[in-house]
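The structure appears right after this line, and notes come after that.
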Amino acid sequence: MDSNTASKEQNSSLEQHDEPLMFEAKTIPLKGIGLVALQDIPQGTLIIQEKPLLVTRPGAPAALEAFLSSELKKLDKASQRQFLSLHNNFPGKHPFAGIMKTNALPCGSGSEIGAVYPTICRINHSCLPNSQNTWNSDTKIETIFAISPIKCGEEITISYDKGGPSAVRQASLKQSFGFQCTCVVCSQPKALLRESDTRRSRIQQLDGQIGDPFRMWKSPGESLKDCHSLLQLLKAEYGGYSEPFAARLYYDAFQISIAHGDKVRASIFAEKSYEARLMCEGGETPEAKKVKMLATNPSNHSSFMVYSSKWKNTKKEKFGEADNEAFERWLFRISN
Ligand SMILES: [Zn+2]
């Protein structure tokens, strides 16, 4: 997200910590500045955590500009320089608002409040990102975790897009950030890109279907089957980069199960969701803590038996280690 400014300042501000940096900011061809791993980084590693430079909610450009101008004056000189060195994709009458619009990350999923960070805002986009950004609403800190193993020399990436096939992603990235994505997914040969597009469209469709409360109520077995199909699709499309999606999917499966009284499966789904969250955001976010608690006490969830009690007498079944497939079929209630 950076234009061309040298990044020594970012690194020096982080070097106050005792541990050596896992990355350096450097120029990436065609992308401006990005962050590159200085060592092999295992999956689930906390790569960076930062407090925001500035936090805002959207507003009319002139009012936002005035607000940011007054907030900026309260920062020290180094922080002001860090903010002003971020890329602006909307040059014109409102430069501070433009920087904010180009770089702000939402403070929580779906939040309209956004924040900018000195280093995290240097991380470039990929449609197959190796890292995830997460806002911790308790500590007011943004974290970046490695969602897959990252090799020394590899660029650290997160996702700026909202999913869907490549044409939709490209249009949205162009409009919001002013670039054409050339990531490993978007630069595949056409035939492979078409297959990826088909999978990503189907992923969006299944995701919408699973979230439909009417279906969850009337046809929970079908909703769980959709969760299983979605899991297979996510593995095919995202491979070892699918943890953030798995965290959500298992939580959906938890909700379907607990709403019909199945504490046994709900507990397993909550545990799986927690394990995936641990990889993507650590165990300290309120969301991770909640799902960990639900794995132990699934009936504490407010929707326990809210739709029916038809699955309340579910018994735990034992599966050997070699029976993973049979276990998955049992877990997602798939009968032959
Ligand atoms: Zn891409």
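For the single chain, residues carry numbers from 1 onward in sequence order. Atoms within each ligand, like the ligands themselves, are counted from 1 in listed order. What you see below is based on every heavy atom in this structure, not just the backbone, and it leaves out hydrogens, waters and symmetry mates.
Pairs engaging residues 155-176 under the salt bridge (Lys or Arg N to Asp or Glu O under 4.0 Å) rule: K31-E155 [sequence neighbours left out].
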Let me have the donor-acceptor pairs involving side chains of residues 146-154, under 3.5 Å, with sequence neighbours excluded, atom names and distances please.
unit_1	atom_1	unit_2	atom_2	d
E154	OE1	K151	N	3.0
E154	OE2	N130	ND2	3.0

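Ion pairing between a basic and an acidic side chain is recognised when a charged N comes within 4.0 Å of a carboxylate O; K290 and E287 show no such pairing.
For H94, the ring pair (Phe, Tyr, Trp, His ring centres under 6.0 Å) test picks out no residue, with sequence neighbours left out.
Counting only protein N, O or S atoms closer than 2.8 Å to the Zn ion (ligand 1) gives 4.
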Practice task
Kindly indicate, with the supporting measurements, whether the criterion side-chain hydrogen bond (donor to acceptor under 3.5 Å, both in side chains) is fulfilled by N136 and E284.
Solution key: CA-CA 8 Å; N136 185 325; E284 295 307 312; over 6 Å; no

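Remark: of the listed residues E237, E195, Q205, E237 is the sole one forming a side chain to side chain donor-acceptor pair (under 3.5 Å) with R200.
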